[in-house]
Amino acid sequence: MATAVRPVPRPLPASRTAALRRLGPQYYAAVMGTGIVGTAGAGLDPHGAVPGLRAACTALWAAALLTLAVLLAARAGHWARHPGQARAHLLDPAVAPFYGCPAMALTSVGGGALIVGRDWLGAGPAVALGAALWAAGTVTGLVVAVGVPYLMVVRHHIEAPSPVWLLPVVAPMVSAASGPLLAPHVPEGQARGALLAACHGMFGVSLLAALLIVPPVFARLVTAGPPPSAATPALLLVLGPLGQSVTAAAALAEAVPGVPYGRGLAVAYGLPVIGFALLWLALAGALVVRARRRGMGFSLSWWASTFPVGTCVTGLEGLGRLTGLVVLDGAAVALYGVLVAGWLAAASGTVRGLLDGALLKVPGPAADATPPTTPGTPPTGPGHPPGTPPPAPHRTPHAPQTTAPRRTLSAPPRAAPAPAPPAPGRATARTR
């Protein structure tokens, strides 16, 4: 009896496998940045007064959804074929915080399905897709918000604070901002109340965690000076918890209209916070321009100029709806222009980097093994994908000092002064 021969799966080409090995979680920033351009643009024109704007925003959301699907499949292949490298990313202090990006990509695209995706998908499929993505992103975000800080405490050796620390803790805030969009589709009573209560809780989780991180980041800027040029755009990540918290406050106030003083509290919180966000945008933008003039090249950190800025646009839109102030709507339109410019720069650089292979450059045999580094030298190799700021030099905790203090050889040590002779006519103490 003839036995069936199972076909042997054809292995991937070596170059494609090596490129998959270098695929890190920071690539989800492209999904977040593209999606926020669509949803923020739709909020500028809710009644469709500008011809073609909503269709263009829906197309951008669809592009973000397609990119998300491709990245999810590619990252699944990364974990299946290179589990050791995937675990190394979690233990790398320069890469691990970017695991907050997948959660934010899921929830932001899910929220976009409820805002603009229903135009093409229909109300029912859009709600189903939005709920599924929001649930997956929320669970992932809560796990990351606990897991990555835990690794930072017990496994990572970090010398200085960094804005990328905000990425894992901001993910629950994105869920808090997009969760109220699902409230009208949830039955009234316990189910809707539990959803909104969870959104309020995640609002507090993310906000208080961000308040612990932002002050050390600013203190390091003042004491140590500007960061390296490649890491300068990451300063814009501070806008994420600021703008997203204002967006969440406005969305929660609109979702619970019966709460006394709810809209007033949202406005009282949102206006000062969005003012500080614009101040930080001016400071970080000036440092980015300075780094660009000093030769800063393209990296995936340029995507920091998209999603964080977009959250400030949506925050201004929410405050404009609550207050009716035209000046807030005008500020949202102006800031949306900055968002589009940042997205064009980041998207064009990413496309060029993928086409010429610079972003997924395959290292040679010698570069595949991470060589030992000296303090202050950025590590190389596949464990540190392009676009991530170099990690701080590792330190050995509680290391005793083994070297003697240096002695200046230019002059001999000064001898101790001789005791002064006793004054004439005064007795001295006798010694027995």
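Nothing here was measured: the structure is a model prediction, and the numbers come from that model.
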Can I get a per-line list of side-chain donor-acceptor pairs under 3.5 Å for residues 114-122, giving both atom names and the distance, sequence neighbours left out?
{"residue": "R118", "atom": "NE", "partner": "L114", "partner atom": "O", "Å": "3.1"}
{"residue": "D119", "atom": "OD2", "partner": "R54", "partner atom": "NE", "Å": "2.5"}
{"residue": "D119", "atom": "OD2", "partner": "R54", "partner atom": "NH2", "Å": "3.4"}

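- Tested against V31, the residues L71, I36, L65, L66 include a single side chain to side chain contact (heavy atoms under 4.5 Å, CB included) partner, L71.
- Screening residues 300-321 for salt bridge (Lys or Arg N to Asp or Glu O under 4.0 Å), with sequence neighbours left out, gives E254-R321.
- Residues L166 and P241 have side chains in contact (heavy-atom distance under 4.5 Å, counting atoms from C-beta outward).
- Rounded to the nearest 0.5 Å, atoms CD (Q26) and CZ (F98) are 6.0 Å apart.
- By the 4.5 Å heavy-atom criterion applied to side chains, P308 and Q244 are not counted as neighbours.
- Panel note: side chain D45, backbone V50; a donor-acceptor pair is recorded below 3.5 Å.
- Closest non-hydrogen pair, A266 versus L322, comes out as CB-CD1, 3.8 Å.
- For W302 and F298, the gap between ring centers is short of 6.0 Å.
- Between Y269 and F203, the distance separating the two ring centers is shorter than 6.0 angstrom.
- Heavy atoms only, all atoms of each residue included: L339 and A40 are closest at CD2-CB, 4.3 Å.
- Of the options T138, L207, V174, a side chain to side chain contact (heavy atoms under 4.5 Å, CB included) to M202 is made by T138 and by none of the others.
- The shortest distance between side-chain heavy atoms of L271 and V267 falls below 4.5 Å.
- You'll find the ring centres of H89 and H82 outside the 6.0 Å limit.
- In terms of modelled atom types and a separation under 3.5 Å, the side chain of T306 and the main chain of G342 share no donor-acceptor contact.
- Remark: of the listed residues L106, L72, T67, L72 is the sole one forming a side chain to side chain contact (heavy atoms under 4.5 Å, CB included) with Y28.
- With contacts defined as side-chain heavy-atom distances shorter than 4.5 Å, the pair P168/Y99 does not qualify.
- No side-chain donor from either of T34 and W61 sits under 3.5 Å from a side-chain acceptor of the other.
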Could you give me the CA-CA distance, side-chain angles and deciding distance for L221 and L235, then say whether side chain to side chain contact (heavy atoms under 4.5 Å, CB included) is met? CA-CA 10 Å; L221 281 179; L235 293 174; 4.0 Å; yes

Could you check L196 against V256 for side chain to side chain contact (heavy atoms under 4.5 Å, CB included), going step by step and ending with a plain yes or no? CA-CA 8 Å; L196 295 176; V256 194; 3.4 Å; yes

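- Annotation: side chain of L354 is in contact with side chain of T350 (closest heavy-atom distance under 4.5 Å).
- With hydrogens and angles ignored, the 3.5 Å screen pairs a side-chain donor or acceptor of R75 with a backbone N or O of L23.
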